[in-house]
Colleague: 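Have a look at this one.
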Amino acid sequence: MSLSSALNIAQSSLRNTARQTSVVSRNVLEASNPDYSRRMAVTTASPGARSVEIQRAANEQLFRQNLAALSAFNGQSTLFNGMERLNLMVNGVDNSTSPATAIGKLQEALQLYSASPSNKNLAENTLDAARQVVRTLNDGTTAIQSFRTAADQEIGTAVNELNDLLSQLETANNAVVTGTRTGKDTSDVLDQRDAIVKKIAEYVPVSTYTRADNDLVVLTKDGSMLFETVPRKVSFTPSGVYAPGTTGSKVYIDGVPVALGTGGNTDASGRLAGMIQLRDGVTTTMQSQLDEVARGLITAFSETSPGGVLPNQTGLFTWSGGPAVPAAGTLVTGLAGQIRLNPALDSAQGGNPELLRDGGANGAGYVHNTGNNAAYSSLLIGYGERLDAPMTFDPAAGLESSSTLGDYATSSIGWFDGLRKSASSAADSKEALAVRTAEALSNETGVNIDQEMSLLLDLEHSYEASSRLIRAVDEMFAALLGAVR
């Protein structure tokens, strides 16, 4: 081998070592970046020379598993966090503002009043308890519809963010395809593209596959096209302010609506599906249960005429459809927001609370205590018995169709708590799965500092060997030139 050939080999080795060292240094620098895939500087042999090719670590199967886990966790956590907020808005801390608590206090006040029907203070206390029941149902309805309005706005924001991510994906994918066709190193833009796909998976569940030139195609879990060369449109029309019975607008991906999730351990994947389940599933059922509680109260305290000659009319509680009493066992949408204290009994509106004891809120034909007996308690006892008697409820509200009013209100809390606990447990499980899949992907494609430092030592030894070879060649050239002189 000539000295010139030896020198060229040593110089080539130094260049390759320098490039490999640069790759290792970049790996160490990006070790804490979860969106960075480890680079490998692989030496390849070509006729008359050796060169370094940069390869990027990847594992498509683990990447897809991580995408699925991210979507499932984001859908579940969106549902759980929303239910936590909703519970505080409607039921308060330890259910302090729940209808069940208010009804329980009304029953206590009614029992005390029935034991001393001549006590006007107890009559006022009963009316105060009734006001609180009305306030609880009215405020609960307002809170639920405010929550739905906010959820609708959040859906609109999420759709805009998703469309923006799809636009970013188009830019990154074009860079990958162009770089692949021209033979450039596309490692950085591949990292960028994968990071964008992960963010998209937080909003909607996705599956991916690559075509020629590393061209990426993204579909939703149900097969709707989300990205193919160009983004597909994700569309949504905000509904504005919500009221009971308002139907929320659907989110469409390439013309296909995003499905509504169901259950505490929801089958909704991605934030969008979780938000839709909150807006159109959990809250609407909760509103229906409040409406049924309101209907039960109006029915339980409705006025009857002596002998049942006249039709039943609203008594202590009334509503926008009063004085008629709502039909038994039939849900009236928004009734919890319409229920009011009857002005005829409300002293704050010039009414007489003692009409609850005597009857007559709807006129003389409904008076039972015709002798104005101060000790008369039959009606008060009767109201208490109605509250303790089974009533018929609409099964569309998601609870039992026959129950006492107090038990029904308590069951509503139980239904929500059960759903919330299921959502909490599932959120923990799905978070753990997302973490495990991310760790598995990182183990395959991420940076191991110990491994990189070991490789750096090997490269240092290679650099030293090349340096010694150059030094030896230099000494031979010096000796040769000295001999010529």
Side-chain angles (χ1 to χ4, degrees), residues 15-16 18-47 49-68 70-71 159-221 223-235 253-255 438 441-442 444-447:
R15 285 195 297 269
N16 291 342
R19 193 173 185 192
Q20 288 174 305
T21 302
S22 175
V23 169
V24 173
S25 299
R26 174 77 185 282
N27 286 342
V28 173
L29 179 66
E30 299 283 0
S32 60
N33 183 354
D35 296 322
Y36 178 82
S37 290
R38 176 169 49 91
R39 311 291 197 260
M40 295 162 289
V42 180
T43 304
T44 59
S46 57
R50 298 179 70 85
S51 59
V52 173
E53 176 183 331
I54 308 301
Q55 296 181 357
R56 174 178 175 270
N59 188 311
E60 289 299 321
Q61 182 177 1
L62 289 176
F63 182 67
R64 292 192 187 99
Q65 289 177 354
N66 185 231
L67 291 179
L70 282 172
S71 296
V159 167
N160 291 336
E161 291 171 349
L162 179 56
N163 280 319
D164 183 60
L165 286 170
L166 289 171
S167 178
Q168 294 177 36
L169 180 62
E170 181 182 17
T171 301
N173 188 65
N174 287 341
V176 170
V177 172
T178 301
T180 302
R181 288 172 180 170
T182 56
K184 294 181 179 179
D185 178 18
T186 60
S187 298
D188 286 344
V189 284
L190 281 169
D191 279 351
Q192 180 185 358
R193 189 176 73 176
D194 283 356
I196 295 170
V197 172
K198 285 182 183 179
K199 291 179 181 177
I200 291 173
E202 294 178 5
Y203 292 88
V204 290
V206 298
S207 60
T208 64
Y209 67 90
T210 52
R211 302 184 296 195
D213 297 325
N214 270 330
D215 186 21
L216 186 71
V217 176
V218 183
L219 301 94
T220 63
K221 186 172 65 174
S224 303
M225 186 61 67
L226 192 60
F227 178 87
E228 184 186 21
T229 307
V230 295
R232 295 299 193 265
K233 181 67 176 177
V234 182
S235 59
I253 298 177
D254 198 24
L441 181 61
S442 178
E444 287 291 322
T445 65
V447 176

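Bear in mind the structure is a predicted one, so any value in this text is a computation, not a measurement.
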Colleague: For E228, what residues pass the salt bridge (charged side-chain N to carboxylate O under 4.0 Å, His left out) criterion, not counting sequence neighbours?
Modeller: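 So E228 forms a salt bridge (charged side-chain N to carboxylate O under 4.0 Å, His left out) with R211, R232.
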
Colleague: How would you list, by chain and number, every residue that makes a side chain to side chain donor-acceptor pair (under 3.5 Å) with R193, sequence neighbours excluded?
Modeller: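 Once residues adjacent in sequence are excluded, the partners of R193 under the side chain to side chain donor-acceptor pair (under 3.5 Å) criterion are N173.
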
Colleague: Begin from the C-alpha positions of T229 and D215 and carry the test side-chain contact (heavy atoms from CB on, under 4.5 Å) through to its verdict.
Modeller: CA-CA 8 Å; T229 307; D215 186 21; 4.2 Å; yes

Colleague: Would you indicate whether Q61, at its atom CD, is surrounded by more than 12 heavy atoms from other residues, nucleotides or ligands within a distance under 6.0 Å?
Modeller: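 No, the 6.0 Å shell around CD holds no more than 12 heavy atoms from other groups.
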
Colleague: I'd like a table of donor-acceptor pairs (distance under 3.5 Å, sequence neighbours excluded) in which one partner is a side-chain atom from residues 199-209, with atom names and distances.
Modeller:
unit_1: E202; atom_1: OE1; unit_2: R271; atom_2: NH2; d: 2.9
unit_1: Y203; atom_1: OH; unit_2: E161; atom_2: OE1; d: 2.5
unit_1: Y203; atom_1: OH; unit_2: R271; atom_2: NH1; d: 3.4

Colleague: Which heavy atom of V176 sits nearest to which heavy atom of L190, and what is that distance?
Modeller: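 Closest approach of V176 to L190: CG1-CD2, 3.7 Å.
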
Colleague: At what distance, to the nearest 0.5 angstrom, does NZ of K221 lie from CG of L226?
Modeller: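 Output value for this atom pair is 14.0 Å.
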
Colleague: Tell me the closest heavy-atom pair linking S37 and A57, and the distance in Å.
Modeller: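 The answer is CB-O, 3.4 Å.
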
Colleague: With a cut-off of 3.5 Å and sequence neighbours excluded, list every side-chain donor-acceptor pair involving residues 165-172.
Modeller:
unit_1: Q168; atom_1: NE2; unit_2: D164; atom_2: OD2; d: 2.8
unit_1: T171; atom_1: OG1; unit_2: S167; atom_2: O; d: 3.4

Colleague: So, the side chain of N163 versus the backbone of V234: is there a donor-acceptor pair under 3.5 Å, distance only?
Modeller: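 Judged by distance alone, yes, a pair lies under 3.5 Å.
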
Colleague: Mind checking the CG-CD1 spacing from L162 to I253? Nearest 0.5 Å is all I need.
Modeller: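 It comes to 6.5 Å.
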
Colleague: Please identify each residue that fulfils side chain to side chain contact (heavy atoms under 4.5 Å, CB included) with A58, with sequence neighbours left out.
Modeller: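 For A58 the side chain to side chain contact (heavy atoms under 4.5 Å, CB included) partners, ignoring immediate neighbours, are R56.
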
Colleague: Could you pull out all residues at least two apart from T220 that satisfy side chain to side chain donor-acceptor pair (under 3.5 Å)?
Modeller: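 If we apply the side chain to side chain donor-acceptor pair (under 3.5 Å) test to T220, skipping adjacent residues, the hits are D222.
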
Colleague: Which residues pass the salt bridge (charged side-chain N to carboxylate O under 4.0 Å, His left out) test with K198, not counting sequence neighbours?
Modeller: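 Once residues adjacent in sequence are excluded, the partners of K198 under the salt bridge (charged side-chain N to carboxylate O under 4.0 Å, His left out) criterion are D35.
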
Colleague: Partners of D185 by side chain to side chain contact (heavy atoms under 4.5 Å, CB included), sequence neighbours excluded?
Modeller: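 For D185, the residues satisfying side chain to side chain contact (heavy atoms under 4.5 Å, CB included) (neighbours in sequence not counted) are I54, S187.
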
Colleague: Among residues at least two apart in sequence or on other chains, which ones pass side chain to side chain contact (heavy atoms under 4.5 Å, CB included) with K184?
Modeller: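 For K184 the side chain to side chain contact (heavy atoms under 4.5 Å, CB included) partners, ignoring immediate neighbours, are T182.
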
Colleague: Tell me, please, which residues at least two apart from S235 pass side chain to side chain contact (heavy atoms under 4.5 Å, CB included).
Modeller: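 Side chain to side chain contact (heavy atoms under 4.5 Å, CB included) check on S235 returns K233, Y252.
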
Colleague: Please enumerate all residues that pass salt bridge (charged side-chain N to carboxylate O under 4.0 Å, His left out) together with R39, with sequence neighbours excluded.
Modeller: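 Counting only residues at least two positions away or on another chain, R39 forms a salt bridge (charged side-chain N to carboxylate O under 4.0 Å, His left out) with D188, D191.
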
Colleague: Apply side chain to side chain donor-acceptor pair (under 3.5 Å) to N33 and list each qualifying residue two or more places apart in sequence or on a separate chain.
Modeller: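 Side chain to side chain donor-acceptor pair (under 3.5 Å) list for N33, sorted by chain: E30.
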
